[in-house]
Asker: 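Have a look at the structure that comes next, please.
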There are 2 protein chains.
Amino acid sequence: MVVVPGGERTVVSQLRRGVLQFCVLAQLRDGEKYAYELVRELGAAHGLATSEGTIYPLLSRLRKLEWVSSSWQDSETGPPRRYYALTPAGREALQSFTAEWEPFRTAVDTLLEHKENHR
Amino acid sequence: MVVVPGGERTVVSQLRRGVLQFCVLAQLRDGEKYAYELVRELGAAHGLATSEGTIYPLLSRLRKLEWVSSSWQDSETGPPRRYYALTPAGREALQSFTAEWEPFRTAVDTLLEHKENHR
DNA sequence: AACTACTACCATGCGACGCAAGATACCTTG
DNA sequence: CAAGGTATCTTGCGTCGCATGGTAGTAGTT
């Protein structure tokens, strides 16, 4: 099988850059979740589907930033799970991202819109 | 002076990843432009401001992909300019990006929206 | 017990891209 | 001539999403 190192180089995978971590924070907004669960949920959102090779390093970064905290809990149906929860700092980060995302998205939308303003 | 190599590591600079090249294509949609001009125009759009160290490698990639063509033209007020124009392939790429961007943006927006659906 | 499969955790290595910094050269103004 | 704006381009670097592969617990089957 042909293997392409360096990850999938699609347009959408580039779009996820920088956005994904805040999507995860948003996922944790309403309660703690574990990594596998986050991956499954993102898989349902169009354009946000990712894999464990992405999510674990990402969560490790978020822990280091202290935007999330984590706690181990046993599962009755499988191996133990590490649950992640938003910290106050994480909540702030999410809020400030949202404030940056909106004008950015609008700027891109505006540029992409085809305007027929010829004279 | 303290120098931080690796570029500015802000949230927005990560957001520009993968988007910028298509913004440039969009800028060229209505006629040819030169690099310096593109940088100035992007500087006006919130969140899309970039620098020459970004734009020249980017344009070089677009040339290699044959999404743009270029031609030198003398300026009456300064050094000669390299003008860039969209190729048919570039126009297609822009269109297909737009088709990917819209659901992506919507997915992020949906996640970021705070929904008060408790019970 | 051995096996398969699913769940769930994690680490390694890599390529792509946006950026800072700096180099070169043209033109105009003082 | 020096200074400043215009306009081109190169080099080196850090970040992050991904493919790949490894470990271990639980459950069902043979």
Side-chain angles (χ1 to χ4, degrees), chain A residues 1-24 33-43 47-65 70-84 104, chain B residues 1-24 33-43 47-65 70-84 104:
Chain A
M1 211 222 305
V2 180
V3 173
V4 183
E8 212 193 341
R9 272 157 306 186
T10 64
V11 169
V12 266
S13 91
Q14 289 300 313
L15 287 182
R16 285 190 272 276
R17 279 233 169 203
V19 178
L20 212 49
Q21 54 183 320
F22 296 102
C23 291
V24 167
K33 287 175 181 156
Y34 59 100
Y36 215 68
E37 193 179 3
L38 293 167
V39 171
R40 266 201 313 259
E41 280 190 18
L42 287 172
L48 294 177
T50 190
S51 68
E52 305 158 33
T54 297
I55 215 74
Y56 284 103
L58 191 158
L59 286 167
S60 169
R61 271 178 269 137
L62 294 182
R63 272 204 318 269
K64 210 164 289 176
L65 286 167
S70 74
S71 65
W72 286 96
Q73 285 170 230
D74 283 345
S75 161
E76 292 172 1
T77 63
R81 301 165 173 167
R82 167 119 83 161
Y83 279 87
Y84 295 88
F104 172 81
Chain B
M1 213 223 307
V2 179
V3 173
V4 182
E8 211 193 343
R9 271 156 307 186
T10 63
V11 169
V12 265
S13 93
Q14 290 300 313
L15 287 182
R16 284 189 273 276
R17 279 231 168 206
V19 177
L20 213 47
Q21 53 184 321
F22 296 102
C23 291
V24 167
K33 288 177 181 153
Y34 58 100
Y36 216 68
E37 194 179 1
L38 293 166
V39 171
R40 266 202 314 260
E41 279 189 20
L42 287 171
L48 295 178
T50 189
S51 69
E52 304 154 35
T54 297
I55 215 74
Y56 284 103
L58 190 158
L59 286 167
S60 169
R61 270 179 270 137
L62 294 183
R63 271 203 317 270
K64 209 163 291 176
L65 286 167
S70 74
S71 65
W72 286 96
Q73 284 169 232
D74 283 346
S75 162
E76 293 171 359
T77 64
R81 299 164 174 167
R82 167 118 84 161
Y83 279 86
Y84 295 88
F104 173 81

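Below, chain A is the first sequence line, B the second, and so on; all start at residue 1.
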Asker: Is the phosphate of dC19(C) approached by Thr50(B) (side-chain N or O, under 4.0 Å from OP1 or OP2)?
Answerer: yes

Asker: Answer yes when Arg81(A) and Glu37(A) have at least one side-chain N-carboxylate O distance shorter than 4.0 Å, and no when they do not.
Answerer: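 No.
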
Asker: How is Thr54(B) classified with respect to the nucleic acid when contacts are heavy atoms under 4.0 Å: base, sugar-phosphate, or nothing?
Answerer: base

Asker: Just to confirm, is there a sub-4.0 Å distance from OP1 or OP2 of dA16(C) to any side-chain nitrogen or oxygen of Arg9(A)?
Answerer: yes

Asker: Mind calculating the distance between CZ (Arg81(A)) and C1' (dC10(C)) to the nearest angstrom?
Answerer: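 To the nearest whole Å, that distance equals 17 Å.
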
Asker: Let me see the working for Leu42(A) and Val39(A) under side chain to side chain contact (heavy atoms under 4.5 Å, CB included), right down to the final yes or no.
Answerer: CA-CA 5 Å; Leu42(A) 287 172; Val39(A) 171; 5.9 Å; no

Asker: Take atom OH of Tyr36(B) and atom C1' of dT8(D), then tell me their distance rounded to the nearest Å.
Answerer: 10 Å

Asker: Quick check for you: among dA24(D), dG17(D), dA7(D), whose closest atom lies nearest to any side-chain atom of Ser75(B)?
Answerer: dA7(D)

Asker: Run Leu58(B) and Thr50(B) through side chain to side chain contact (heavy atoms under 4.5 Å, CB included) and show every step you take.
Answerer: CA-CA 11 Å; Leu58(B) 190 158; Thr50(B) 189; over 6 Å; no

Asker: Taking CG from Leu65(A) and P from dT15(D), how many angstroms apart are they, rounded to a whole number?
Answerer: 11 Å

Asker: Between Arg82(B) and Arg63(B), does the side chain to side chain contact (heavy atoms under 4.5 Å, CB included) criterion hold? Intermediate values first, please.
Answerer: CA-CA 12 Å; Arg82(B) 167 118 84 161; Arg63(B) 271 203 317 270; 3.4 Å; yes

Asker: Using ring pair (Phe, Tyr, Trp, His ring centres under 6.0 Å) as the criterion, point out the one residue from Tyr56(A), Tyr84(A), Tyr83(A) that pairs with Tyr34(A).
Answerer: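 Among the candidates, only Tyr83(A) passes.
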
Asker: Side-chain N or O of Arg40(B) versus OP1/OP2 of dT6(D): is the shortest distance under 4.0 Å?
Answerer: no

Asker: Quick check on dG18(C): is either OP1 or OP2 less than 4.0 Å from any side-chain nitrogen or oxygen of Ser51(B)?
Answerer: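 No, no such contact exists.
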
Asker: I want to confirm an ordering. Mapping Gln21(A) and Arg63(B) to their closest nucleotides on DNA chain D, which one lands closer to the 5' end?
Answerer: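 Its nucleotide being nearer the 5' end, the pick is Arg63(B).
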
Asker: Check the distance between dC10(C)'s P and Tyr34(A)'s OH and give it to me in whole angstrom.
Answerer: 13 Å

Asker: Across the strands shown, which category fits Tyr84(B) at heavy-atom distances under 4.0 angstrom: base, sugar-phosphate, nothing?
Answerer: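 Sugar-phosphate, backbone atoms only, no base.
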
Asker: Leu38(B) has an atom CG; how far is it from atom P of dC9(D), in whole Å?
Answerer: 12 Å

Asker: Scan Ser60(B) against the nucleic acid and name what it touches under 4.0 Å (heavy atoms): base, sugar-phosphate only, or nothing.
Answerer: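 Since no nucleic acid heavy atom lies under 4.0 Å of Ser60(B), the category is nothing.
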
Asker: Which residue, Pro80(A) or Ser13(A), contacts DNA chain D at a nucleotide closer to its 5' end, judged by nearest heavy atom?
Answerer: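 This one resolves to Ser13(A).
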
Asker: Just how far, in rounded Å, is P of dT11(D) from OH of Tyr56(B)?
Answerer: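 Spelled out: OH on Tyr56(B) to P on dT11(D) is 16 Å.
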
Asker: Across the strands shown, which category fits Glu52(B) at heavy-atom distances under 4.0 angstrom: base, sugar-phosphate, nothing?
Answerer: base

Asker: Considering only side-chain heavy atoms of Leu20(B), which listed nucleotide, dC9(C), dT7(C), dC19(C), is closest?
Answerer: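 Within the option list, the nearest is dC19(C).
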
Asker: Grab the two heavy atoms, one from Leu20(A) and one from Thr54(A), that are nearest each other, plus how far apart they are.
Answerer: CD2-CG2, 3.6 Å

Asker: Over how many whole Å does the gap from Arg16(B) atom CZ to dC19(C) atom C1' extend?
Answerer: 9 Å

Asker: Rounded to the nearest Å, what distance is computed from the CD1 atom of residue Ile55(B) to the C1' atom of nucleotide dT6(D)?
Answerer: 16 Å

Asker: What's the closest nucleotide to the Pro79(A) side chain, out of dC26(C), dG17(D), dA24(D)?
Answerer: dA24(D)

Asker: Kindly say if Arg61(A) contacts the phosphate of dT15(D), meaning a side-chain N or O under 4.0 Å from OP1 or OP2.
Answerer: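 Arg61(A) to dT15(D) OP1/OP2: no side-chain N or O under 4.0 Å.
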
